[in-house]
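Before any comments, here is the structure.
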Amino acid sequence: DMTIEVICQLDNTPPPAGTVTNLIARYTGAGELEVDNTLYSMELFSTAGTGNPPYGIRAFWENGAGLDNSFSTANNVSLPPIHNLIFLAQRRLGNVVQNFINGVPFGAASAALNAATGGGNGVFGIGCPASATITERLVMMSLKIVPSGLTDLQIAAEYNRTLGPAFGL
(Lines give C-alpha, C1' and ligand atoms only; values in the text may rest on other atoms or scores of the structure.)
Protein backbone atom coordinates (compact mmCIF):
# COMPACT_ATOMS: atom_id res chain seq x y z
CA ASP A 1 0.00 0.00 0.00
CA MET A 2 1.26 3.49 -0.81
CA THR A 3 0.30 7.01 -1.77
CA ILE A 4 2.21 9.41 -4.04
CA GLU A 5 1.40 13.13 -3.82
CA VAL A 6 2.77 15.88 -6.03
CA ILE A 7 2.17 19.59 -6.39
CA CYS A 8 3.06 20.57 -9.92
CA GLN A 9 2.39 22.78 -12.90
CA LEU A 10 2.13 21.28 -16.38
CA ASP A 11 4.39 23.19 -18.75
CA ASN A 12 3.41 21.30 -21.86
CA THR A 13 0.99 18.61 -22.89
CA PRO A 14 1.87 15.05 -21.86
CA PRO A 15 3.17 12.81 -24.67
CA PRO A 16 1.19 9.99 -26.31
CA ALA A 17 0.63 6.71 -24.46
CA GLY A 18 3.04 4.03 -25.60
CA THR A 19 5.82 6.59 -26.04
CA VAL A 20 7.81 8.46 -23.42
CA THR A 21 5.54 9.44 -20.56
CA ASN A 22 5.80 12.26 -18.07
CA LEU A 23 7.27 10.33 -15.17
CA ILE A 24 6.62 11.87 -11.78
CA ALA A 25 8.26 9.25 -9.57
CA ARG A 26 9.22 5.61 -9.86
CA TYR A 27 11.17 2.89 -8.12
CA THR A 28 12.52 0.45 -10.68
CA GLY A 29 15.44 -1.65 -11.85
CA ALA A 30 16.67 -2.23 -15.39
CA GLY A 31 15.70 -5.68 -16.58
CA GLU A 32 12.96 -8.28 -16.60
CA LEU A 33 14.05 -10.37 -13.62
CA GLU A 34 11.89 -10.17 -10.49
CA VAL A 35 14.72 -8.46 -8.62
CA ASP A 36 14.59 -5.65 -11.25
CA ASN A 37 10.82 -5.12 -11.06
CA THR A 38 9.24 -1.68 -10.95
CA LEU A 39 7.55 -1.39 -7.55
CA TYR A 40 5.74 1.85 -8.41
CA SER A 41 5.56 4.49 -11.09
CA MET A 42 3.28 7.51 -11.39
CA GLU A 43 3.06 8.96 -14.89
CA LEU A 44 1.07 11.49 -16.92
CA PHE A 45 0.17 10.76 -20.55
CA SER A 46 -2.31 11.34 -23.37
CA THR A 47 -5.23 8.98 -22.72
CA ALA A 48 -6.24 9.30 -26.39
CA GLY A 49 -2.86 7.82 -27.35
CA THR A 50 -2.21 10.65 -29.79
CA GLY A 51 -0.51 13.36 -27.75
CA ASN A 52 -3.78 15.29 -27.85
CA PRO A 53 -6.28 15.73 -24.99
CA PRO A 54 -7.55 14.25 -22.78
CA TYR A 55 -4.56 13.75 -20.47
CA GLY A 56 -4.54 11.36 -17.55
CA ILE A 57 -2.61 9.66 -14.78
CA ARG A 58 -1.14 6.15 -15.02
CA ALA A 59 0.06 3.78 -12.29
CA PHE A 60 2.53 1.06 -13.27
CA TRP A 61 4.28 -1.77 -11.37
CA GLU A 62 5.45 -5.35 -11.90
CA ASN A 63 5.14 -8.73 -10.22
CA GLY A 64 6.76 -12.09 -10.91
CA ALA A 65 9.49 -11.85 -13.58
CA GLY A 66 8.59 -8.48 -15.11
CA LEU A 67 4.83 -9.03 -15.47
CA ASP A 68 3.24 -5.61 -16.03
CA ASN A 69 0.38 -4.15 -14.02
CA SER A 70 -1.03 -0.76 -14.88
CA PHE A 71 -4.08 1.39 -14.37
CA SER A 72 -4.92 4.65 -16.11
CA THR A 73 -7.67 7.18 -15.81
CA ALA A 74 -10.35 6.70 -18.46
CA ASN A 75 -10.12 8.83 -21.58
CA ASN A 76 -13.29 10.72 -20.67
CA VAL A 77 -11.55 12.61 -17.84
CA SER A 78 -8.65 15.00 -18.25
CA LEU A 79 -6.10 16.94 -16.26
CA PRO A 80 -6.57 20.72 -16.04
CA PRO A 81 -5.08 22.95 -18.75
CA ILE A 82 -1.34 23.62 -18.72
CA HIS A 83 0.15 26.39 -16.54
CA ASN A 84 -2.18 25.69 -13.61
CA LEU A 85 -0.90 24.70 -10.18
CA ILE A 86 -2.40 21.30 -9.29
CA PHE A 87 -2.25 18.71 -6.51
CA LEU A 88 -2.16 15.13 -7.80
CA ALA A 89 -2.29 11.98 -5.71
CA GLN A 90 -2.21 8.30 -6.55
CA ARG A 91 -3.15 5.68 -3.97
CA ARG A 92 -2.59 1.93 -4.17
CA LEU A 93 -4.52 0.32 -1.33
CA GLY A 94 -5.17 -3.42 -1.30
CA ASN A 95 -3.89 -3.41 -4.90
CA VAL A 96 -6.70 -1.07 -5.97
CA VAL A 97 -5.53 2.19 -7.56
CA GLN A 98 -7.34 5.50 -7.22
CA ASN A 99 -6.09 8.78 -8.69
CA PHE A 100 -6.93 12.19 -7.20
CA ILE A 101 -6.75 15.75 -8.42
CA ASN A 102 -6.98 18.69 -6.04
CA GLY A 103 -8.09 16.41 -3.21
CA VAL A 104 -10.99 14.63 -4.93
CA PRO A 105 -11.10 11.30 -6.82
CA PHE A 106 -10.10 11.64 -10.48
CA GLY A 107 -11.97 8.98 -12.43
CA ALA A 108 -13.05 5.59 -11.16
CA ALA A 109 -10.87 3.27 -9.07
CA SER A 110 -9.30 0.16 -10.60
CA ALA A 111 -10.34 -3.39 -9.92
CA ALA A 112 -7.99 -5.33 -7.61
CA LEU A 113 -4.69 -5.94 -9.41
CA ASN A 114 -1.62 -8.08 -8.62
CA ALA A 115 0.66 -7.04 -5.78
CA ALA A 116 4.09 -5.65 -6.66
CA THR A 117 6.92 -8.12 -5.96
CA GLY A 118 10.72 -8.13 -6.07
CA GLY A 119 12.42 -4.87 -6.93
CA GLY A 120 15.56 -5.40 -4.82
CA ASN A 121 17.77 -3.90 -7.56
CA GLY A 122 15.52 -0.88 -7.97
CA VAL A 123 16.53 2.75 -7.75
CA PHE A 124 14.31 5.74 -6.98
CA GLY A 125 13.86 8.26 -9.76
CA ILE A 126 12.08 11.58 -10.02
CA GLY A 127 11.09 12.70 -13.49
CA CYS A 128 13.06 10.10 -15.41
CA PRO A 129 13.20 6.35 -16.06
CA ALA A 130 16.10 4.14 -14.99
CA SER A 131 17.86 5.12 -18.25
CA ALA A 132 17.99 8.71 -16.88
CA THR A 133 16.34 10.16 -19.99
CA ILE A 134 14.62 13.35 -18.86
CA THR A 135 10.98 13.27 -19.92
CA GLU A 136 9.41 15.93 -17.72
CA ARG A 137 6.97 18.43 -19.13
CA LEU A 138 6.05 19.78 -15.75
CA VAL A 139 7.52 21.66 -12.81
CA MET A 140 7.26 19.84 -9.49
CA MET A 141 7.05 22.00 -6.40
CA SER A 142 6.60 19.14 -3.95
CA LEU A 143 6.72 15.34 -3.98
CA LYS A 144 5.67 13.11 -1.09
CA ILE A 145 5.64 9.32 -0.99
CA VAL A 146 3.69 7.79 1.89
CA PRO A 147 4.26 4.08 2.71
CA SER A 148 0.54 3.51 3.27
CA GLY A 149 -2.69 3.99 1.38
CA LEU A 150 -4.23 7.22 2.64
CA THR A 151 -8.02 7.43 2.85
CA ASP A 152 -10.04 9.81 0.68
CA LEU A 153 -10.45 12.10 3.70
CA GLN A 154 -6.70 12.08 4.41
CA ILE A 155 -5.91 12.98 0.78
CA ALA A 156 -8.48 15.79 0.88
CA ALA A 157 -6.84 17.01 4.13
CA GLU A 158 -3.39 16.91 2.46
CA TYR A 159 -4.74 19.10 -0.34
CA ASN A 160 -6.40 21.46 2.14
CA ARG A 161 -3.15 21.71 4.12
CA THR A 162 -1.09 22.58 1.02
CA LEU A 163 -2.97 24.22 -1.86
CA GLY A 164 -6.32 24.40 -0.07
CA PRO A 165 -5.68 27.80 1.58
CA ALA A 166 -5.15 29.28 -1.88
CA PHE A 167 -7.73 27.34 -3.89
CA GLY A 168 -10.05 25.69 -1.31
CA LEU A 169 -11.82 22.36 -1.40
Side-chain angles (χ1 to χ4, degrees), residues 1-47 49 51 54-75 77-79 82 86-101 105-107 109-150 155 158-159 162:
D1 294 348
M2 64 176 307
T3 305
I4 301 172
E5 301 174 349
V6 63
I7 296 173
C8 63
Q9 174 184 309
L10 296 175
D11 278 349
N12 201 341
T13 56
T19 63
V20 179
T21 58
N22 243 4
L23 291 170
I24 291 175
R26 91 173 359 180
Y27 185 88
T28 188
E32 291 300 322
L33 299 175
E34 187 168 14
V35 73
D36 297 318
N37 278 354
T38 298
L39 295 184
Y40 59 84
S41 181
M42 182 178 182
E43 310 164 0
L44 305 181
F45 71 102
S46 166
T47 61
Y55 306 108
I57 306 172
R58 177 178 184 246
F60 176 85
W61 68 94
E62 296 171 313
N63 68 287
L67 300 173
D68 295 352
N69 295 275
S70 67
F71 174 72
S72 305
T73 53
N75 57 6
V77 295
S78 187
L79 294 172
I82 62 173
I86 54 175
F87 173 94
L88 302 175
Q90 185 174 83
R91 174 186 65 210
R92 190 170 72 205
L93 178 62
N95 299 313
V96 173
V97 176
Q98 176 67 61
N99 294 303
F100 294 81
I101 187 165
F106 179 55
S110 75
L113 300 165
N114 295 318
T117 62
N121 284 345
V123 295
F124 176 68
I126 298 174
C128 64
S131 65
T133 302
I134 303 299
T135 60
E136 282 307 317
R137 295 182 184 193
L138 56 86
V139 176
M140 279 189 266
M141 285 68 167
S142 173
L143 174 67
K144 180 178 181 180
I145 299 176
V146 181
S148 64
L150 299 180
I155 290 171
E158 289 283 291
Y159 170 73
T162 56

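All values reported here derive from a predicted model rather than from experimental measurement.
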Inset, instruction - For residues M42 and I57, determine if any side-chain heavy atom of one lies less than 4.5 Å from a side-chain heavy atom of the other. - result: yes
Legend entry - Separation between CG of D36 and OG1 of T28, rounded to the nearest 0.5 Å: 8.0 Å
Inset, instruction - For the pair E62 (side chain) and T38 (backbone), establish whether a donor and an acceptor sit closer than 3.5 Å, ignoring hydrogens and angles. - result: yes
Inset, instruction - Could you tell me the separation between the CZ atom of F87 and the CD1 atom of I101, rounded to the nearest 0.5 Å? - result: 10.5 Å
Legend entry - Sequence-distant partners of N99, side-chain hydrogen bond (donor to acceptor under 3.5 Å, both in side chains), two or more places apart: Q90
Inset, instruction - Check whether any side-chain heavy atom of Q9 lies under 4.5 Å from a side-chain heavy atom of M140, and answer yes or no. - result: no
Inset, instruction - Measure the spacing between SG of C8 and CG of L44 and express it to the nearest 0.5 Å. - result: 6.5 Å
Legend entry - Minimum side-chain heavy-atom gap F71-R58 below 4.5 Å: no
Inset, instruction - Without swapping roles, check the side chain of T117 against the backbone of G64 for a donor-acceptor pair under 3.5 Å. - result: yes
Legend entry - Residues in salt bridge (charged side-chain N to carboxylate O under 4.0 Å, His left out) contact with E34, at least two apart in sequence or another chain: none
Legend entry - Under the side chain to side chain contact (heavy atoms under 4.5 Å, CB included) test, residues paired with I145 that sit two or more places apart: M2, I4, A25, Y40, F124
Inset, instruction - Would you indicate whether the side-chain heavy atoms of N69 and F60 approach each other to under 4.5 Å? - result: no
Legend entry - pair R91-I155: side-chain heavy atoms closer than 4.5 Å: yes
Inset, instruction - Check whether any side-chain N or O of T3 sits under 3.5 Å from a backbone N or O of L150 as a donor-acceptor pair, and report yes or no. - result: yes
Legend entry - Validation row: V96, L113 side chains within 4.5 angstrom (heavy atoms): no
Inset, instruction - Side-chain contact test, heavy atoms from C-beta onward, threshold under 4.5 Å: evaluate it for V123 versus Y27 and give yes or no. - result: no
Legend entry - Backbone N/O of A109 and side chain of Q98: donor-acceptor pair under 3.5 Å: yes
Legend entry - Residues N37 and N63: side-chain donor-acceptor under 3.5 angstrom: no
Inset, instruction - Return yes if some donor-acceptor pair links the side-chain N/O of S142 with the main-chain N/O of V6 below 3.5 Å, else return no. - result: no
Legend entry - Donor-acceptor contact below 3.5 Å, side chain W61 vs main chain N114: yes
Inset, instruction - Indicate, with yes or no, if the rings of F106 and F100 have centres closer together than 6.0 Å. - result: no
Inset, instruction - Could you tell me which non-hydrogen atom of A59 sits nearest to which non-hydrogen atom of V97, and how far apart they are? - result: CB-CG1, 3.9 Å
